[in-house]
Protein chains: 2
Amino acid sequence: MAEPVYLRIADDIRKQITYGLLSANDPLSSEKELCSKYSVSRMTVRKSLSILVDENLLYSVPGKGYFTKKINRDKYLFLFDELDILIGSNKESQLMEVEIIKPTAELIYQLRVSPDKRIVVIKHLLYSDGEIVAYDIKYIPYFTGIPIVEKEINYITFPEIIASRTSIFDVHRKIAISMEIPPDEIINLLNISSLDPVIIIQQHILDQESLPIGFGQLYCHYKKCRIEGVSVIGE
Amino acid sequence: MAEPVYLRIADDIRKQITYGLLSANDPLSSEKELCSKYSVSRMTVRKSLSILVDENLLYSVPGKGYFTKKINRDKYLFLFDELDILIGSNKESQLMEVEIIKPTAELIYQLRVSPDKRIVVIKHLLYSDGEIVAYDIKYIPYFTGIPIVEKEINYITFPEIIASRTSIFDVHRKIAISMEIPPDEIINLLNISSLDPVIIIQQHILDQESLPIGFGQLYCHYKKCRIEGVSVIGE
DNA sequence: TAGTGGTCTAGACCACAAT
DNA sequence: TTGTGGTCTAGACCACTAT
């Protein structure tokens, strides 16, 4: 078998969408009609259609049929890793400090906690070619079992710390990249001028109900950071 | 039917992976064995397994079986739109200039073209709340049929311009975010201090063979840009 | 040779849409 | 009532892997 039948059918339908024979929200022929048209069984047609649904070119409505989707190609898939985004060859992360604090006003807001809740703070310094280029700070509401011993923390990722409380599949993350002139503490740590902005990468870790269970900020020297991604076809 | 059988089976296998009963690269029971275990047909088992393959928890090797995958949760999906990333409420894009030039040394490198090839340059200014906050410049090697009339260009996206030459499904994009102190031309346009870095979002549009067919750079005022994304489970 | 996943057929019943 | 997609069964043949 050179090319599976279901791929040939998927290609055929994809072309009809691509070349504009079908436009947004146009109904497709029914599965049964496509079975006759291509002389295949329903399962084969469904396999073809499922590929196009995965590609976000089609959606189906039970009892009605399949419809074409509007295309938006403005989604990028980014590989985001604290060390990967740093420019340089010798990169390493060093645990700086672990402490337990009472939440500031911002943390009360960001983590939706009460003022008397204790917060675990984990600070890292990130080095590139021997220089400090970034400072990372993570906040997690205290819970029994959370690792607070430095040795334990140094080798696990932010989601892993939190996953010790819940299943790793029940959390998702949001990220935001922006720039600001940082507070003095960061200016000193990164050894930059008081007028230089830094790149801030803000991470929110959320549970299934989208309630925050962790919050982190990475401050990075503006010359030492580069974030890369590739496009995906999306809704 | 409250919950389809294939979802119940997928959940069951997912739990075994999540809770560490199966670790990376462990072989799974064969489809046939799973059919017996859950008393369902092969198609139902395959549907369950295909979900887990889509979730990047499993991979299959023809003739051998299914195996569990190492999890990496460091991929983010970003919605990237030139106007969406600007901070502000009233945002608009204005075509500034279209011209045809001979390529500079950088363009010869970025677009892999010969020095005598003509390049179409499209410049936009991006406004937020009435202020110029970003400057966008796109380079596309000239080809017959490329829109160079201002009216035509103003309302189509970068990939769409290029897709007029090839199918939109044959192109993919790479993006990189970094910061730099920009050249004087940009300093003047954005009306910033000569010491302020800007956010540079670099876009490469590539064809099926990963050869460049378009190159663009967006220079954005560092205070006026914020890029957001959500995590996905990846390989 | 036996076992595996990949592909495919020809049916079936269900819940839901449109009429 | 008819047509639709969603789910599911019980087979089949193929290419590939391991022995």
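Letters A, B, ... are given to chains in the order of the sequence lines, protein chains preceding strands, and every chain is numbered from 1. Values reported hereafter were calculated over all heavy atoms of this structure, with side chains retained and with hydrogens, waters and symmetry mates removed.
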**Student:** List in chain and number order the residues that pass ring-ring contact (aromatic ring centres under 6.0 Å, His included) with B/Y59, two or more places apart in sequence or in another chain; answer none if no residue qualifies.
**Tutor:**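 Here the qualifying residues are B/F67.
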**Student:** Taking all non-hydrogen atoms of both residues, which atom of B/P212 and which atom of B/L206 are closest, and how far apart?
**Tutor:**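 Closest approach of B/P212 to B/L206, heavy atoms only: CA-CD2, 3.7 Å.
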**Student:** Tell me, yes or no, whether the heavy-atom count around A/K123 atom NZ, taken from other residues, nucleotides or ligands under 6.0 Å, exceeds 12.
**Tutor:**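 For A/K123, atom NZ is crowded (more than 12 foreign heavy atoms under 6.0 Å).
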**Student:** Could you check how far CG of A/L34 sits from P of C/dT9, rounded to whole Å?
**Tutor:**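 In whole Å, C/dT9 P lies 13 Å from A/L34 CG.
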**Student:** Applying side-chain contact (heavy atoms from CB on, under 4.5 Å), can you list everything that pairs with B/S39, at least two apart in sequence or on another chain?
**Tutor:**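 Counting only residues at least two positions away or on another chain, B/S39 forms no side-chain contact (heavy atoms from CB on, under 4.5 Å).
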**Student:** Is it true that the NZ or CZ of A/R112 lies under 6.0 Å from the centre of A/Y109's six-membered ring and within 45 degrees of the ring axis?
**Tutor:**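 Satisfied, under 6.0 Å and within 45°.
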**Student:** What residue pairs, at least two apart or across chains, pass ring pair (Phe, Tyr, Trp, His ring centres under 6.0 Å) with a residue in residues 25-49 of chain B?
**Tutor:**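 Residue pairs passing ring pair (Phe, Tyr, Trp, His ring centres under 6.0 Å), neighbours aside: none found.
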**Student:** Does D/dG6 have OP1 or OP2 under 4.0 Å away from a side-chain N or O of A/Y66?
**Tutor:**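 Checking D/dG6 against A/Y66, a side-chain N or O does come within under 4.0 Å of OP1 or OP2.
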**Student:** Between P on D/dG3 and CG on A/L28, what's the gap in Å once rounded to a whole number?
**Tutor:**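 It works out to 19 Å between those atoms.
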**Student:** Between B/R14 and B/D12, does any NZ, NE, NH1 or NH2 come within less than 4.0 Å of an OD or OE carboxylate oxygen?
**Tutor:**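 Salt bridge absent between B/D12 and B/R14.
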**Student:** For DNA chain C, what string of dots and brackets results from 5' to 3' when Watson-Crick and G-U pairs need both distances under 3.5 Å, crossing pairs get [ ], and pairs with another strand get |?
**Tutor:** ||||||||||||||||.|.
**Student:** Any side-chain N or O of A/Y6 under 4.0 Å from OP1/OP2 of C/dT7?
**Tutor:**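 Answer yes for this pair, as a side-chain N or O of A/Y6 is under 4.0 Å from OP1 or OP2.
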**Student:** Check nucleotides 16-19 of chain C for protein N or O atoms closer than 3.5 Å to its own N or O atoms and list the pairs.
**Tutor:**
from, atom 1, to, atom 2, distance (Å)
C/dA18, OP1, A/K64, NZ, 3.4

**Student:** How far does CG of A/L49 sit from CD1 of A/I9, to the nearest 0.5 angstrom?
**Tutor:**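 The CD1 atom of A/I9 is 8.5 Å from CG of A/L49, to the nearest 0.5 Å.
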**Student:** Near DNA chain C, counting only heavy atoms under 4.0 Å, which residues of residues 40-53 of chain A show up?
**Tutor:**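 Contacting residues: A/V40, A/S41, A/R42, A/M43, A/T44.
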**Student:** Mind listing the closest non-hydrogen atom pair of B/L86 and B/A134 along with its distance?
**Tutor:**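 Smallest interatomic distance, heavy atoms only, reads CD2-CB, 4.2 Å.
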**Student:** Would you say A/Y38 reaches C/dC8's phosphate, i.e. side-chain N/O to OP1/OP2 under 4.0 Å?
**Tutor:**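 False: A/Y38 side-chain N/O out of range (4.0 Å or more) of C/dC8 OP1/OP2.
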**Student:** Could you give the NZ-to-P distance, from A/K32 to C/dA10, as a whole number of Å?
**Tutor:**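 Interatomic distance, NZ of A/K32 to P of C/dA10: 15 Å.
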**Student:** Let me know the distance between CD of B/E33 and C1' of C/dT4, rounded to the nearest Å.
**Tutor:**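 Distance, rounded to whole Å: 10 Å.
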**Student:** Please determine, by modelled atom types, if A/H204 and A/Q110 share a side-chain donor-acceptor pair under 3.5 angstrom.
**Tutor:**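 A/Q110 and A/H204 do have a side-chain donor-acceptor pair below 3.5 Å.
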**Student:** Provide, to the nearest angstrom, the distance between the CG atom belonging to A/L58 and the P atom belonging to D/dG6.
**Tutor:**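 So the CG-P distance, A/L58 to D/dG6, works out to 11 Å.
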**Student:** Rounded to the Å, how far apart are B/F67 CZ and C/dT4 C1'?
**Tutor:**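 My rounded result for the distance is 10 Å.
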**Student:** Do A/E31 and A/Y66 have side-chain N/O donor and acceptor atoms under 3.5 Å apart?
**Tutor:**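 Yes.
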**Student:** Compare side-chain N and O positions of A/S60 against OP1 and OP2 of D/dT4 and report whether any pair is under 4.0 Å apart.
**Tutor:**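 No, outside the criterion.
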